Protein chains: 2
Amino acid sequence: MARANGEERSDAGPVVPLAHRVPDLGALELLLAVARLGSLGRAARERGISQPAASSRIRSMEQQLGVALVERSPRGSRLTDAGALVTDWARRVVEAAEAFDAGAQALRGRRDSRLRVAASMTIAEYLLPGWLIALRAQRPDTAVSLLAGNSAAVAERLLAGEADLGFVEGLDVPAGLDGAVIGHDRLVVVAAPAHPWARRRTELTVAELAATPLILREHGSGTRQVLDAALAGHGGLAAPLLELASTTAVKAAAVSGAGPSVLSELAVGEELAARRLVEVPVLGTRFGRDLRAVWPSGQRPAGPARHLLGLTRALP
Amino acid sequence: MARANGEERSDAGPVVPLAHRVPDLGALELLLAVARLGSLGRAARERGISQPAASSRIRSMEQQLGVALVERSPRGSRLTDAGALVTDWARRVVEAAEAFDAGAQALRGRRDSRLRVAASMTIAEYLLPGWLIALRAQRPDTAVSLLAGNSAAVAERLLAGEADLGFVEGLDVPAGLDGAVIGHDRLVVVAAPAHPWARRRTELTVAELAATPLILREHGSGTRQVLDAALAGHGGLAAPLLELASTTAVKAAAVSGAGPSVLSELAVGEELAARRLVEVPVLGTRFGRDLRAVWPSGQRPAGPARHLLGLTRALP
DNA sequence: TGAGGGCATAAGCTGGGGTTATGGCCAGAG
DNA sequence: CTCTGGCCATAACCCCAGCTTATGCCCTCA
């Protein structure tokens, strides 16, 4: 009974968990179906539930949000203006859920999958789900299995014949592999908007960066290696302010203002867009690194691997 | 009992709804808390549930995904490698849900809110939720109400004193209002990857575009007005292939290959990134348009409105 | 050698979401 | 002008996912 808690307070406050204020995925999917099909009943049929179930689901969603979403008529249902807006927001949630699903499905994929992919953490986190969705759209019967690890682990899997295609970020191609650049990434220095670095007028110098304790991932992460290498000439990296186990944790700490950090552009894209973090320009250094697809030397990817490779080429 | 259905089939297939394959928001939030706090019990406490509830929730999520997510020990719980990956995917779902919540909350906002915003559909759909999240992070007690409509409606609200700040996309500032450019948008010609236009070697000419029936929104949308104006010198727009009520519907039709369309870059960003749609370059024309914040002439925004305005300035 | 933090198991309750059955409403056909 | 069919709402009932409280085991650390 966590209901009669802070209810009389103002409407703000994540005291009430997000899950209680946002309709669940089933409801959002249903709403999308209603928008597309123009009728509660048809949407219900498509989703495989009964018409009254759909009706009540939509109704309770409207109650929860406090807004009328669909205009019912004896000839069907149309979205209201608010409904159209809500539907588009819902669409983004559903798309994120689809990416989650595509990734999770690959993660549990059996070893006998038709396409076995090994990828670095960063690529697996931020790019692969999108590729997998595109792949599924074009070749729905391709079962994909995913194994995530660092560059060395990816190379090992490929050479052992336990993976068909690999993806790594880094400065060079691991020995024994051929590769193709499929994109570019760079490390960015970030800080919370309230951090002094976010208000600097002048660019940061590399020496300053090297001298400042940062929030970093533990040793062994590709990000950290690149950083180590780049700062080697400037006295090396200062002792970290915090050493955390996951990129997520690092971002959370940086967002909460614990200190500055250095992270992949891919990892902080969302945070920068939402201004939870601010990029701190660094003088003269780019911290760039290529994203590569890799495979055992001489064995050009064929079949599903070749197809997935094709999907990745056109992306940023 | 929709369980014993297509279970023996391959793992592909959205026969089973997404909602049954993706943990619900509560579970994802819980997982994020576990990742951040390093213990099931602490996460449970933060989320306001009992420790056994958290334990069972995480366990059933692991079962559902078929992957171990956390490594339990008597000293706490750490994410596994797969868990870290899943957590980051989960984070994106939760962030989309937060945007949904921020938007929905504003949509139902009472008229007595401290900040009343009127915005064009495109801006309300794609940019406002992010701003609202940022605003809430910095000024948690600002209650925002949102009203979405076309440029004329936004102007009307502002002039009637029923809104404090407006956002419009278009070529000029409505009469009676002052404004500031806060970003830029452009219309892009898009087609499904399988569409002939997606494989063209040569750029499309404006005349070709004008002569081709397109999938468009109904009359009255800002997008369509810009397009009408731009093609007026080339024989005007051909009769539409399809006229649909919402941007969502237009995109869905284009993705499914019904034909080419012209949409705001903001609206198709996701689809382009996921290669569900492909941009078709057009020779010599940019179809650009400014995004503007607007307010009644002479009444510079102050208070919360000024603050929100500040948040928008740094974004793309 | 307690004491305490952390996780798991067990037993029982609750409510949201599902189902079937039915009724009202409106449009267009006969 | 009535009939028929598509669409939505209401009612009554059912079930299971997820919550709670009450324990117990395990490990670490003072």
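Just so we're clear, the structure is a prediction, and the values are computed from it rather than from any experiment. A note on names: the letters A, B, ... follow the listed sequences, proteins ahead of strands, and every chain is numbered from 1.
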For DNA chain D, which residues of [range] approach it to below 4.0 angstrom with any heavy atom?
range: residues 61-70 of chain B; value: none
range: residues 27-38 of chain A; value: none
range: residues 78-86 of chain A; value: none

Nearest to the side chain of B:Ser60 - C:dA8, D:dG18, C:dT19?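 Minimum distance to the B:Ser60 side chain belongs to D:dG18.
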Using the test side chain to side chain contact (heavy atoms under 4.5 Å, CB included), find all partners of B:Asp81 that sit at least two apart in sequence or belong to another chain.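 Side chain to side chain contact (heavy atoms under 4.5 Å, CB included) list for B:Asp81, sorted by chain: A:Met121.
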Can you check the A:Leu40 CG to D:dT10 C1' distance for me, whole Å?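 About 14 Å, once rounded to whole Å.
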For nucleotides 21-23 of chain D, tabulate all protein N/O to nucleotide N/O atom pairs closer than 3.5 Å, reporting atom names and distance.
none

With 3.5 Å as the limit, what N/O pairs link the protein to nucleotides 25-30 of chain C?
none

Do NZ/NE/NH1/NH2 and the carboxylate oxygens of [X] and [Y] come within less than 4.0 Å?
X: A:Glu95; Y: B:Arg276; result: yes
X: A:Arg21; Y: B:Glu29; result: no
X: A:Arg157; Y: A:Glu162; result: yes
X: A:Glu62; Y: A:Arg72; result: yes

Counting only side-chain N and O atoms of [X], is one of them less than 4.0 Å from OP1 or OP2 of [N]?
X: A:Arg42; N: D:dC7; result: yes
X: B:Ser39; N: C:dC7; result: yes
X: A:Ser77; N: D:dC8; result: yes
X: A:Arg57; N: C:dG18; result: yes

What's the spacing between B:Leu25 CG and A:Leu28 CG if we round to 0.5 Å?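 It comes to 8.0 Å.
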Would you indicate what B:Ser56 reaches in the nucleic acid, counting non-hydrogen atoms under 4.0 angstrom: base, sugar-phosphate, or nothing?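 Nothing: the residue B:Ser56, judged by heavy atoms under 4.0 Å, touches no strand.
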